[in-house]
Amino acid sequence: MKKTVILAVLALILLALLSSCASKEDKPLTDVMQKILAGRDELLRARVTQVLSDSTEETAMEGAERTVRTVLFGATIQAGEYKGYSLEGRQTIDSMTGYAPRPVSEGDGIFLYLSEDADGAVHADFTEYNRIPAILWLVGAFAAALLIIGRTKGLRALVALVVTCAGIFLFFLPYVANGGSPIWSSIAVCVLVTLATNLIVAGFTIKALSATLGCLSGLLLAGLFASLSQTLMKLTGLVDDHSVMLAYSTSSGLNMNGLVFAAVIIGAMGAAMDVAISVASSIEELSAKTSLKPMELTRSGLKIGRDIMGTMANTLILAYVGGALHLILLIAVNGSQLSYVISWELISTEVVRAVAGSLGLILAVPATALVSGWLIGKFSKTAPPKDAGDAAPATAAPPENPF
């Protein structure tokens, strides 16, 4: 328990240090109009106090019916310099946009964007609902379940999760956004996160080292396979509107194919770690309970890993399918020519991510079995059980009563 607390404190200190490296900019403002005239794009977090009106206008536009619903409401700003300031907002729901948010109601938390029209009038427009409180409740329930059921192991897992999020959100994303290499930064994140997670969960043991080496071997091979596939398929990495916007929104120029490489190994990292630690843990247990030699431990690890691999590869494929379910359903509804649809770069990239990630998961099994069988078999200090010949002699039976 003491080691867990120490690791948790160290992880939180690391997180605080990384957070302090982020640049902060003070934005002194005096009033709303000054903010608008300065061209600031800051959103205001507010809460709806009352709905003032709700009107609908229907018009014919290019042979189609267009419905525009306008909801006017009063709101109070909840955070920032203007906390407590009351203003009137509006929500416009246009049927032609294809996205119809739920109309606001009293008590809703929302985000507002301030704009100024040609006549100089200021408008506060609804942009999105504030879902942070619900997300925090969901994350809190997850953490509570992890601690209640997992106890010490749950605390270790929670600390490992914090380290993982810190590595991705405080190192990888800012580094890549500032022009860094997504390939090398993703490899660095995978090494640090995998090593830290295994050390936190399994402690400073040969098992943790074996699982780390086996997992990283599988991930790096998956990344190489993804890079080779991108070259053969002539992929550019510009798979959708978001990637195109990202490519042209940074002056440094992002390596879009490198981002696909990063997406493959980061996406497969969790499942690969799961498989690697399971195989390493099984081999360690076999080494402690039997007198198997390193090669025999490796064979046993491979047999165990094959069973795990069958379900985990399926899990990873289903995760990718679930993430692209809307796209797959759209293709099925349109009924386009299958060979042409699969050749779309968007679809081909998803295939590369799914197959390469699953390949990394599969390759992590033999890699972990080989490394664990050799390291645990050679350096484990656990003594094997005694042979049958060394067992204590059985107690002699008492003589039979002659009477």
Side-chain angles (χ1 to χ4, degrees), residues 12 15-57 66-144 161-162 165-166 168-170 173-174 177-178 241-242 245-246 249-250:
L12 292 176
L15 181 61
L17 291 175
L18 291 174
S19 300
S20 64
C21 296
S23 60
K24 297 181 180 179
E25 179 185 359
D26 294 329
K27 299 180 179 180
L29 301 173
T30 55
D31 54 32
V32 177
M33 182 57 69
Q34 179 181 350
K35 173 183 175 182
I36 297 171
L37 295 179
R40 299 179 183 272
D41 295 329
E42 186 178 349
L43 295 173
L44 298 178
R45 182 158 57 91
R47 184 171 299 278
V48 178
T49 55
Q50 59 177 328
V51 177
L52 303 176
S53 65
D54 188 346
S55 60
T56 302
E57 180 181 356
R66 180 184 182 184
T67 302
V68 178
R69 182 176 179 178
T70 303
V71 181
L72 300 179
F73 55 87
T76 302
I77 298 175
Q78 297 294 301
E81 183 178 353
Y82 306 105
K83 184 177 181 179
Y85 182 87
S86 297
L87 72 170
E88 181 177 313
R90 67 180 181 183
Q91 180 188 32
T92 304
I93 304 174
D94 193 339
S95 62
M96 300 297 291
T97 61
Y99 167 67
R102 180 178 62 83
V104 299
S105 57
E106 184 176 342
D108 287 340
I110 59 173
F111 286 99
L112 296 172
Y113 177 75
L114 299 180
S115 60
E116 183 181 13
D117 60 18
D119 299 330
V122 178
H123 299 283
D125 291 307
F126 167 91
T127 58
E128 190 56 270
Y129 285 98
N130 179 20
R131 299 183 174 93
I132 299 299
I135 292 175
L136 291 177
W137 275 105
L138 184 63
V139 172
F142 165 75
L161 181 60
V162 171
C165 292
I168 293 175
F169 292 101
L170 297 182
L173 293 180
N178 290 326
D241 294 339
H242 297 102
M245 186 183 301
L246 180 63
S249 62
T250 55

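Note: hydrogens, waters and symmetry copies are ignored here, and every other heavy atom, side chains too, is used.
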Would you give me the side-chain donor-acceptor pairs under 3.5 Å for residues 131-140, sequence neighbours excluded?
from   : atom 1 : to     : atom 2 : distance (Å)
Arg131 : NH1    : Glu128 : OE1    : 2.9
Arg131 : NH2    : Glu128 : OE1    : 3.2

For [X] versus [Y], what's the shortest heavy-atom pair and its separation?
X: Pro174; Y: Ile168; result: CD-O, 4.4 Å
X: Leu112; Y: Ala46; result: CD1-CB, 3.9 Å
X: Val104; Y: Phe73; result: CG2-CD2, 3.7 Å
X: Gln78; Y: Arg47; result: NE2-CB, 3.5 Å

side-chain contact (heavy atoms from CB on, under 4.5 Å) involving [X] - partner list, sequence neighbours excluded:
X: Phe111; answer: Leu43, Arg45, Thr127, Asn130
X: Pro101; answer: Gln91, Ile93, Tyr99, Phe126
X: Arg90; answer: Leu72, His123, Asp125
X: Val51; answer: Val71

Here the salt bridge (charged side-chain N to carboxylate O under 4.0 Å, His left out) pairs for residues 48-57, sequence neighbours left out, are Asp54-Arg69

Check the surroundings of atom CZ in Phe169: do more than 12 heavy atoms from other residues, nucleotides or ligands lie under 6.0 Å from it?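 Count not over threshold, so no.
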
Excluding sequence neighbours, so at least two apart, what forms side chain to side chain donor-acceptor pair (under 3.5 Å) with Ser105?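 Partners of Ser105 by the side chain to side chain donor-acceptor pair (under 3.5 Å) criterion, ordered by chain and then number, come out as Asp108.
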
Working to the nearest 0.5 angstrom, can you tell me the gap between Thr76 OG1 and Leu44 CG?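 Answer for the OG1-CG pair, Thr76 versus Leu44, is 12.0 Å.
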
